Amino acid sequence: MDDHSPRDDAETPTERVYETPPTERPITEAEAARAAKLAANEHIKIASGYLRGTLADGLLQHATGAISEDDGQLVKFHGMYLQDDRDLRAERTKKKLDKAYSFMIRLRIAGGVVTPKQWLVLDDIATTYANGTLRATTRQTFQYHGVIKSNLKRTMAAIDAALLDTIAACGDVNRNVMAATNPAQAGAHKAAYQLAKDISDSLLPKTNAWREIWLDGERVVGGEDAAEVEPVYGRTYLPRKFKTVVAVPPSNEVDIFAHDLGFIAILDKKNRVTGWNVTVGGGMGMTHGETDTFPRTADVMCFVEPADALKAAEAVMTVQRDWGNRTNRKNARLKYTIERYGLAAFRAEVEKRVGKKLADPKPFAFTGNGDRYGWVEGEDGRHHLTLYVPSGRIKDIEGGAQFLSGLRRIAEVHEGDFRLTGNQNVIIANVPAARKAEIDALVDEYGLTKGAGALRRNALACVALPTCGLALAESERYLPDLIGELEESLARHGLAEEEITIRSTGCPNGCARPFISEIGLVGRGPERYHLYLGAAFDGSRLSKLYREDVPAAEIRSTLDPLFADYAKGRKTGEHFGDYLIRAGHVARTTNGPDFHDRTGALKPAA
Ligand code: SRM
Ligand code: SF4
């Protein structure tokens, strides 16, 4: 399907190392020089035999709950991360014990759609092999935490039995593809879901490694030729992770500007999809103190007819495959490739690979990036109920909502499907009018929530401690309390029902997309956060660093004067992020490269 395999495209400004795969010939001097500069992960991929490494053997090593360092990188391509319980680290070190190792497992669920039957299996796995919770993520899928090494294969077999998998949920590949859930626009949602599924399937790695390692599948013999084994990815896959989403305006619930590749549905008057605007080069991750790393909102590059969408997706991904930086992983995402080569050159190369000139983008408008809670009726007369799930953690809360048990009971009677949203919430979708009362009764019985206060329902928190190895501060366990404090403050200023987006992450990797949230808290160290302000309500503009290293105990008092000022000075309908810029509290960020530029307005609040 791809005319531009990793080997025969020498005239592009590529950073590829091997012009042809060096399996059966000596490596040239030029190749050796290029290889010496490669990031360590590139060598791991090359030596892995298409993502196998020593994983199968490592699983048999019972003396440790961990796996080797190289396999730790490879296992990501299989949808897993080696982690340890950081709450127990200090105590175990004191006792000279190994870390409390376990694995996080992430599923691949294109568009976030699962059947009730699959839900029941996923629930079973959570209580049998994981820590008793299902975690809905910011990219419309589920994660398990706390699966120990000896249970990995059993867990994967159970996932496979539910006709699901974890292939390419993490790693340097096209990952889980998100799609607008937007149940009210039934036709457009169908088209968005179909495109997400088609992209997810067509850009899936083709190696048989996943089936071999986790399901004891047969090794396919003779499969060493990259053109046969991985016709699109080649031996070294992509320089870095690659994320794709499909949006349906007016909702930007998938946060299209935060992703490498996006498709925005262009609708006619009857809400039918006439084609897609293509966005490229969004991303959130950066490193504190390193200004050559930055978040960036995606550019709206062109418009494609429905028949060209899949080709365009593959072309964008393969240009990144060939042009992306393979020597420095901190500079390897598509956003940096586009900054380096320019959008015009990037678009020209995509057009070359699609085989035609592509039209300029068509007009579109987003109104926000949150979910609609409660019941909505779709154009097709089916009903859909969006439930608010705090930080996406589906569990039974002591003395509170019984999310795990309640959703399980609903799955037992529900005949439609479930949809995960990119805001970590769950939709009970496709309910006939006659069955609404039954679902409502279960929602009430288990204390499930159809909404929350304005700030809370517009909040996202990443996982962070205790499982995330990169967390510098708390997030999921901290944001709910902070929101309680801020709600009091907002209420005092008459802003209790004001829609303001707030997101927190335990580090600047940005897993809850904090840099496109009107209030963004980014972990700097234990109980300390950088405070970012001034993003657009619909997720289309980045924020700016407002205060560095704010102690958790001072966040409320830092924001309170800004709420007071907003309450007094805002125009009708003016969002908090826009107001802070107009009133001169923070400077506007144009896009990634000027994210760190703090010159301009920084007026202290009265
Ligand atoms: Fe993420 C790494 C959790 C969405 C940017 N992310 C991680 C790891 C795997 C930590 C690690 O590498 O050891 C976290 C596991 C924590 C845990 O214990 O579960 C983690 N990321 C998550 C999730 C679960 C957050 C959540 O609370 O829901 C999200 C899972 C999404 C999914 O289902 O696939 C999640 N991560 C995101 C997003 C949001 C998005 O894509 O819309 C981003 C920002 C967008 C982007 O990619 O730029 C994001 N995660 C990162 C990065 C920084 C990437 C970069 O370009 O610099 C890392 C670290 C890395 O890749 O080196 C990371
Ligand atoms: Fe972990 Fe940082 Fe992502 Fe939060 S933002 S889950 S702390 S990597």
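Values below: every heavy atom of this structure, side chains too, minus hydrogens, waters and symmetry copies. In each ligand, atom 1 is the first atom listed, and ligand 1 is the first ligand listed. Residue indices begin at 1 and follow the sequence shown. Keep in mind that what you see is a predicted model, and the values were worked out from it rather than measured.
Under a 4.0 Å criterion applied to the non-hydrogen atoms of T467, ligand 1 contributes the atoms 17 (C), 18 (O). Atoms of ligand 1 lying under 4.0 Å from any heavy atom of L470, numbered from 1 in the order shown and given with element: 10 (C), 11 (C), 12 (O), 13 (O), 59 (C). Close contacts between ligand 1 and T141 involve ligand atoms 33 (O) [criterion: under 4.0 Å to a heavy atom]. Below 4.0 Å from some heavy atom of H145 lie the following atoms of ligand 1, by number and element: 17 (C), 18 (O), 19 (O). Close contacts between ligand 1 and A461 involve ligand atoms 27 (O) [criterion: under 4.0 Å to a heavy atom].
Atom 26 (C) of ligand 1 has R135 NH1, 3.5 Å as its closest protein atom, hydrogens excluded (heavy atom only). Of the protein's non-hydrogen atoms, the one nearest atom 52 (C) of ligand 1 is K241 NZ, 3.2 Å. For atom 47 (O) of ligand 1, the nearest non-hydrogen atom of the protein is K243 NZ, 2.7 Å.
Proximity annotation for atom 46 (C) of ligand 1: of K335, R333, K330, R333 comes nearest, heavy atoms only. Comparing R139, Q143, R329, R513 against atom 32 (C) of ligand 1, the shortest heavy-atom distance belongs to R139.
For atom 4 (Fe) of ligand 2, the count of nearby protein N, O or S atoms, meaning those under 2.8 Å away, is 1.
Within the sub-2.8 Å shell of atom 1 (Fe) of ligand 1, the protein contributes these N/O/S atoms: C511 SG.
Heavy atoms of A464 stay at 4.0 angstrom or farther from ligand 1. Heavy-atom separations between Q140 and ligand 1 are all 4.0 Å or longer.
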